[in-house]
Enquirer: 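Handing you a structure now.
Numbering of ligands and ligand atoms starts at 1, following listing order. The figures here come from the full heavy-atom set of this structure, side chains too, leaving out hydrogens, waters and symmetry mates.
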Amino acid sequence: MFDRIAKRYDLLNRILSLGIDRSWRKRLVAKAPRNAAHIVDLATGTGDVLLAFENHYPGTPTLSGYDLSAGMVAEGVKKCQRLGSRANLMIGDAANIPVANDEADIVSMSFGIRNVPDVSKVLDDIHRILKPGGSVLILEFTMPKLWLLSWGYKVYFRHVLPFVGGLISGDRHAYTYLNRTVEDFADKEAFLQLMTDANFKNTQATSLTFGIASLYYGQK
Ligand SMILES: C[S@@+](CC[C@H](N)C(=O)[O-])C[C@H]1O[C@@H](n2cnc3c(N)ncnc32)[C@H](O)[C@@H]1O
C-alpha cells in the first residue's frame with residue numbers, strides 16, 4: 001500500500017496535517033538526548049525524521065533509516081540526494097532490524113508503530129539494538145480525550161481525509177486504512193505499558209496538538 005502512495009506521500013502529509021507534521025518531528029528531535037553517534041529511524045518512509053535530525057541536532061551522527069516499502073525508500077533516497085543529505089535509507093523490517101545488538105544511541109519511529117502486526121516484537125527489537133542508556137522516541141497518532149475534539153477528529157479522519165487523500169493519491173483505500181489504524185491503536189496508557197513490558201525505563205508520553213498525536217520516550 002505504501003508503495004502505491006509513495007510518490008504523493010510527502011505532499012499529502014503537508015496538506016492533510018496542515019504542515020503540523022513537521023513541527024511534531026522537530027519536537028521528537030528536541031526531546032532526543034545530545035551526543036548520539038548513531039541514530040536509527042524505523043519505518044522511515046521518505047526520511048523526514050532523519051532530515052529533521054540532520055537539520056536540528058548537533059554534531060554529525062550516523063543516520064540510518066529502515067522501511068519495508070521499496071517505493072517509500074526510493075522516494076526518500078531521491079529526496080535526500082536532492083537536499084544533499086547524508087542520511088542512509090534502506091529496506092528493512094522494524095520487527096527484525098538489520099542492526100547489531102547495543103549499537104544505536106537513539107532509535108526513532110514516527111507514525112509507523114501502528115502499522116506493524118506485532119507491536120511488542122518491534123519494541124523488543126528496538127531494545128535489542130539500543131546501547132544501554134540509549135533512548136527510544138516514538139511519535140504516533142492518539143485519539144483526543146475532549147469529546148468535541150474527538151468528534152471533530154473522527155469526522156476529519158473518517159470522511160475528509162479519505163476523500164482528499166483518495167483524490168490526490170488515487171488510492172482512497174490507503175487513507176481509509178489510516179483512520180482505521182488510528183482509531184484501533186493503543187491509547188497512551190496502554191502504549192506506555194507495552195514499553196514497560198519491553199523493559200524500557202523512564203517512560204513518558206507527551207501529548208501534542210491537543211492530544212491528536214503523542215510523543216513517547218523511554219530508555220534502555
Ligand atoms: C505513515 S508512514 C511514516 C513514514 C515516516 N516515518 C514519516 O514520519 O513520515 C508509515 C511507514 O511505515 C512503514 N512500515 C510499515 N510496517 C513496517 C515494518 N514492519 N518495518 C518497517 N517499516 C514499516 C511503511 O512502509 C511506511 O513507509
Enquirer: For a quick check: using heavy atoms under 4.0 Å, what are the residues in contact with ligand 1, sorted by chain and number?
Expert: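 The 4.0 Å shell around ligand 1 contains Phe2, Tyr9, Asn13, Arg25, Ala43, Thr44, Gly45, Asp67, Leu68, Ser69, Met72, Gly92, Asp93, Ala94, Ser110, Phe111, Asn115, Val116.
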
Enquirer: Just verifying a value: how many Å separate Leu63 CG and Arg86 CZ, rounded to the nearest 0.5 Å?
Expert: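 Answer rounded to 0.5 Å: 4.5 Å.
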
Enquirer: What is the distance from atom OH of Tyr217 to atom CD1 of Ile138, rounded to the nearest 0.5 Å?
Expert: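 Result: 12.5 Å between the selected atoms.
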
Enquirer: Can you list, pair by pair, the side-chain donor-acceptor contacts under 3.5 Å of residues 199-207, counting residues two or more places apart and other chains?
Expert:
residue	atom	partner	partner atom	Å
Asn202	ND2	Gln219	OE1	2.7
Gln204	OE1	Lys31	NZ	2.5
Ser207	OG	Lys188	NZ	2.6

Enquirer: For Asp125, is there an ion pair with Arg128 - N to carboxylate O distance below 4.0 angstrom?
Expert: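 The answer is yes: the pair qualifies as a salt bridge.
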
Enquirer: Which donor-acceptor pairs under 3.5 Å do side chains of residues 35-46 form with protein atoms, sequence neighbours excluded?
Expert:
residue	atom	partner	partner atom	Å
His38	ND1	Glu103	OE2	2.4
His38	NE2	Ser64	OG	2.7
Asp41	OD1	Ser108	OG	2.7
Asp41	OD2	Thr44	OG1	2.7
Thr46	OG1	Asp10	OD1	2.7
Thr46	OG1	Lys79	NZ	3.2

Enquirer: Pairs of donor and acceptor atoms involving the side chains of residues 154-168, under 3.5 Å and at least two apart or interchain, shall be tabulated with distances.
Expert:
residue	atom	partner	partner atom	Å
Tyr156	OH	Leu16	O	2.4
Arg158	NE	Glu183	OE2	2.9
Arg158	NH2	Glu183	OE1	2.8

